[in-house]
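Within every chain, numbering begins at 1; the chains are lettered A, B, ... in the order of the sequence lines, protein sequences first and strands thereafter.
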Amino acid sequence: GAVVSQHPSWVICKSGTSVKIECRSLDFQATTMFWYRQFPKQSLMLMATSNEGSKATYEQGVEKDKFLINHASLTLSTLTVTSAHPEDSSFYICSARDSVDTQYFGPGTRLTVL
Amino acid sequence: SQQGEEDPQALSIQEGENATMNCSYKTSINNLQWYRQNSGRGLVHLILIRSNEREKHSGRLRVTLDTSKKSSSLLITASRAADTASYFCNAGNMLTFGGGTRLMVKP
């Protein structure tokens, strides 16, 4: 199957700093990628839909100024958590949809904000 | 609302036994997908079944789809300890997920 990578796999940062997470589709082009967050023992919660060449669509309750999304190319989307706080600590997962509507997920990024 | 709710929430079996988990959904779909998530990892795509298919196999996995009942099942045969994970279904390419089934296979 198709491969989606994320970088970094984990990051620890101080409160108030910004963290950028990259999501890449390695062997297919994805005009649309998705960002999720997942708290321990809970399901995935969709944060936003990342559209190549246009603004992201955010889910209700997700602050677009805090979670900046840039989908600069057909294989790369980035999520920047700005001015991170301890409550932003979570597992962030991206996914990309291929041409036959299958969603492939990245391995996730564990963010810990001290 | 979620398109795809898994049942049971948790399942514990012995290695070698079969594991069956179910998924129910609400609206008409073109396809349904099952994913596995190991603890602290991303989701791994297991299998996609289309609305015109009733059953599909992949290795030790068998998926059924009943569009009249809006339900699907995932059967893992001859389970192994490495199958321990959470399993999610996703119906109709929706972007929301249910709580999943947490499967534990005891050696």
### Interatomic spacing from CZ in B/R41 to CZ in A/F105 - rounded to 0.5 Å
15.0 Å

### Task
Assess the pair A/F34 and B/F97: is the distance between their ring centroids shorter than 6.0 Å?
no

### Query
Under 6.0 Å from the NZ atom of A/K66, do we count more than 12 heavy atoms belonging to anything else shown?
yes

### Query
Given the options A/Q38, A/Q6, A/Q42, A/K41, which has more heavy-atom pairs under 4.5 Å with chain B than any of the others?
A/Q38

### Task
Measure the CG-NE2 distance between A/D98 and B/H45 for me, rounded to the nearest 0.5 Å.
8.5 Å

### Query
Does atom CG of B/N30 have more than 12 heavy-atom neighbours from other groups under 6.0 Å away?
no

### Query
Any link between B/L74 and B/V105 through a network of hydrophobic side chains (Ile, Leu, Val, Met, Phe, Trp, Tyr) touching at under 4.5 Å?
yes

### Task
Give the member of A/E59, A/R97, A/M45 that has the highest number of heavy-atom pairs under 4.5 Å with chain B.
A/R97

## Note on the structure
All heavy atoms of A/S43 vs all of B/G99, minimum pair found to be CB-CA, 4.0 Å

### Query
At a heavy-atom separation under 4.5 Å, does A/T49 approach chain B through its side chain, its backbone, both, or neither?
side chain

### Query
For A/Q103, does its backbone N or O pair with a side-chain atom of B/Y35 as donor and acceptor, under 3.5 Å?
yes

### Query
Are there more than 12 heavy atoms of other residues, nucleotides or ligands under 6.0 Å from atom CD of B/E17?
yes

### Task
Verify the neighbour count for atom NE2 of B/H57: are there more than 12 heavy atoms of other residues, nucleotides or ligands below 6.0 Å?
yes

### Task
Measure distances from B/L43 to the heavy atoms of chain A and classify the residue's part below 4.5 Å as side chain, backbone, both or neither.
both

### Message
Within a 6.0 Å radius of atom CZ on B/R80, are there more than 12 heavy atoms belonging to other residues, nucleotides or ligands?
### Response
no

### Query
Do A/V19 and A/I93 share a hydrophobic cluster, counting only Ile, Leu, Val, Met, Phe, Trp and Tyr and linking them when any side-chain heavy atoms are less than 4.5 Å apart?
no

## Note on the structure
Between A/F91 and B/G40, the two heavy atoms sitting closest are CZ-O, 3.3 Å

